[in-house]
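Proteins get letters first, then strands, A, B, ... in listed order; numbering begins at 1 in each.
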2 protein chains.
Amino acid sequence: MQAAPPTLQSIAAEFGVSSATVSNALSGKGRVSEGLAARIRARAEALGYAPSLPARALRTGRSGVIGLVLPDLANPLFPKIAQAVEAAAAREGYGVLIADSHGEVGAQTAALQRLVQRGADGIIVVPRRGTRVLELDVPLAVIDTPATPGNTVSADHRAGGAALAAHLLGLGHRAFALVGESRESSVQRDRIGGLRAGLPQTARIETIWLEEAPETDFPALARDGITAFAATSDLHALRILTTLQRAGLAIPREASVAGFDDLAFAAAVTPSLTTMAQDSDRIAGAAVAALMARIDGPEPAAPPAGTTGGSAGGTAAETAVPMTLIARESTGPAPASTRSEPRPHPATRSQRETTP
Amino acid sequence: MQAAPPTLQSIAAEFGVSSATVSNALSGKGRVSEGLAARIRARAEALGYAPSLPARALRTGRSGVIGLVLPDLANPLFPKIAQAVEAAAAREGYGVLIADSHGEVGAQTAALQRLVQRGADGIIVVPRRGTRVLELDVPLAVIDTPATPGNTVSADHRAGGAALAAHLLGLGHRAFALVGESRESSVQRDRIGGLRAGLPQTARIETIWLEEAPETDFPALARDGITAFAATSDLHALRILTTLQRAGLAIPREASVAGFDDLAFAAAVTPSLTTMAQDSDRIAGAAVAALMARIDGPEPAAPPAGTTGGSAGGTAAETAVPMTLIARESTGPAPASTRSEPRPHPATRSQRETTP
DNA sequence: CTGTTAGCGCATTCAT
DNA sequence: ATGAATGCGCTAACAG
């Protein structure tokens, strides 16, 4: 039989005052005589009084909880986001309720509604591939890509792709395989798009969507002259890396491999994986900040006149957070001469002559 | 300006009755005339009425939320647990509030208290290495190892280790490196312990704790005659696998490598990683079930007389969930002859003769 | 200035 | 058998 936890009422009774007085004393809001206030605070402290958040929620209409909806909790990228969101939310005194949309739009909608019903003050959603989340009666922050309408904040996947391209280019590579999983994912499209944009017209570029070509023979590509492999996820980069390695290619001497997201294993493999990392902390921080602003602000539903839709919102938060290259061992200078030199690619040739 | 959501009161007003009547009609508890009840239900349905969970929480003292405390959200094992817990909880109509203890005991305690304050009806905690969680005024389920006092449910890490040992043994291996990160982790100790227990006295066994020997030279071990490497985590197994591979050893022809947990990348690498998987769904399900039982049950605080502490609890839930071997490509038959045959190990010799 | 009354939305008593 | 008070713990709007 555990003792009932102290409440404002129980403390008030001890002092022969009303619970409201105790509330005021503790919050410093309504004025209470300093002497009484001090004694009340001392007593509350001694009792280990902690306000009942559910009761406060009922009264104020604010639960102090935000929801986090993810497309797939099993996704290895999730930990970083979850951790960053949890930390940012905790810093603001908020709790985090998670929900898994299992990659389905229906489940995503259902999850959102469940969170709303639970009283979430705001929701952060990482939408399923290319899904647009419906408007809701609750502040929403969307983490997807800058290109997505309604996106609140996200990594600048496109610029990240371009930066990775530059890295590879600087290493002397001129023949690339760009590997993604699904075209449906706007994140992946942006990354591949950025990669392409960062590569010169003259470069040889093979784009591979694993969903469509799951049996791609990477060693064969390497033998065919591709020297740099860039995948939209470290998971695929790892697959490529180990596959090439097993086929007898030395990484990075004979081929370079790079991925995205700096997943947990990226630093653990040999050779360690070069990758473009997103600043999850900053993204989560911005998402939470945007939520806070929309929760506190009276939310002028109508965007300020004269703005053409788009990123018009209450608070103009930063939208695209730069990614940072983590250059490790899996990328290195392009092989001096393409060993077997098969089907010499014209573009590659001319490029090479201008780049000693 | 969004319309105020319907409440019991607002619906009651439409019918000129009291909110309690509507509550009864919808819940079917207190009796209401069937005709009225039906009309009320219809109206509620039409309005899309959803009870305010915060209000219900205040009234009933039950929030419909459970907490999930993890030692490190960034741990790659986390997604599986989180997903399984979320699914199991959702099935029971519960929400899941997450908290990261950052591997610190202080933070772990703080996280627990925050969750309690938020009104969590129960908490599932995966304790920090070897930490014992303090008793609390809220039902707790601990996922650690069967050996830990207070453990509610967990994978049978020891048996898992033994099973992995048997697998390797069956493949003809007689010289093993057992690789863990930290002795402080009871999970890791159990896995290593199970591994050792499953190996014959005659086998050669090197146990390596990476925390103490971070610079361990695995290829050197292989050259020294070790043919099987078993790590307590896929992350370390991956490190070993790629390191050996890079040093020119063919896996599994010249050495076998296995890990634990079937992390996301285990199937993606080449060769794919043999691993002992825990049944996260079952573990999470059991943890949630145990919580539900303790929440619903009046919780007889005193254990039934005549029981010597230990696993005595309200509901005797299943404690140790078997792990399952996922044999993939990274393990194979031991090399027929230890190539360099350095310092011929007597034990290994004699063993080998009895096992053609 | 100090402190109290009122009521958030619900479910559970209790009186008809 | 039906339905109307009551109060969970808190704070925002009031009265002393």
Side-chain angles (χ1 to χ4, degrees), chain A residues 2-41 43-44 47-65 93 116-121 137 296 298, chain B residues 3-41 43-44 47-65 93 116-121 137 296:
Chain A
Q2 58 236 24
T7 75
L8 287 187
Q9 296 248 31
S10 70
I11 297 180
E14 294 186 26
F15 287 87
V17 298
S18 180
S19 66
T21 302
V22 179
S23 171
N24 286 337
L26 295 180
S27 69
K29 289 310 238 352
R31 295 297 201 284
V32 182
S33 70
E34 192 40 56
L36 180 57
R39 289 167 54 216
I40 289 179
R41 276 193 296 269
R43 183 69 183 134
L47 254 39
Y49 167 78
S52 156
L53 263 16
R56 175 180 289 173
L58 178 56
R59 174 64 226 214
T60 63
R62 305 241 303 244
S63 61
V65 165
V116 170
Q117 197 195 354
R118 289 222 183 286
D121 294 336
D137 286 346
D296 293 335
Chain B
T7 77
L8 288 186
Q9 297 249 28
S10 70
I11 297 180
E14 293 187 25
F15 286 86
V17 298
S18 178
S19 68
T21 302
V22 179
S23 172
N24 287 338
L26 294 180
S27 68
K29 288 310 230 6
R31 297 297 205 288
V32 183
S33 71
E34 193 40 58
L36 180 58
R39 290 169 51 216
I40 289 179
R41 277 193 295 268
R43 184 67 183 137
L47 255 47
Y49 168 78
S52 155
L53 263 17
R56 175 179 291 174
L58 178 57
R59 172 65 227 216
T60 63
R62 305 240 304 244
S63 62
V65 165
V116 170
Q117 198 194 354
R118 285 233 138 69
D121 295 335
D137 287 346
D296 293 335

> When you match A/Glu34 and A/Ser19 each to their closest nucleotide on DNA chain C, which lands nearer the 5' end?
Replying inline: A/Glu34
> What is the nucleic acid contact for A/Ser18, judged by heavy atoms within less than 4.0 Å: base, sugar-phosphate only, or nothing?
Replying inline: base
> In whole Å, what is the span from the CD1 atom of A/Ile40 to the P atom of C/dT2?
Replying inline: 13 Å
> Roughly, in whole Å, what's the span from CZ in A/Arg56 to P in D/dA12?
Replying inline: 9 Å
>> The test is side-chain contact (heavy atoms from CB on, under 4.5 Å); show your working for B/Leu26 and B/Leu8 and say whether it passes.
In response: CA-CA 10 Å; B/Leu26 294 180; B/Leu8 288 186; 4.0 Å; yes
> Heavy atom of residues 8-17 of chain B under 4.0 Å from DNA chain C: which residues?
Replying inline: B/Leu8
> What is the nucleic acid contact for B/Ser23, judged by heavy atoms within less than 4.0 Å: base, sugar-phosphate only, or nothing?
Replying inline: base
> B/Arg62 CZ to D/dC8 C1': how many Å, rounded?
Replying inline: 15 Å
> How many Å lie between CG on A/Leu36 and C1' on C/dT4, as a whole number?
Replying inline: 13 Å
> B/Leu58 CG to D/dT11 P: how many Å, rounded?
Replying inline: 12 Å
> B/Ser52 side chain N/O closer than 4.0 Å to the phosphate oxygens (OP1, OP2) of C/dG9?
Replying inline: no
> Quick one: is A/Tyr49 getting a side-chain N or O under 4.0 Å of the D/dG9 phosphate, OP1 or OP2?
Replying inline: no
>> Please report the distance, rounded to the nearest Å, between CZ in B/Arg59 and P in D/dG9.
In response: 10 Å
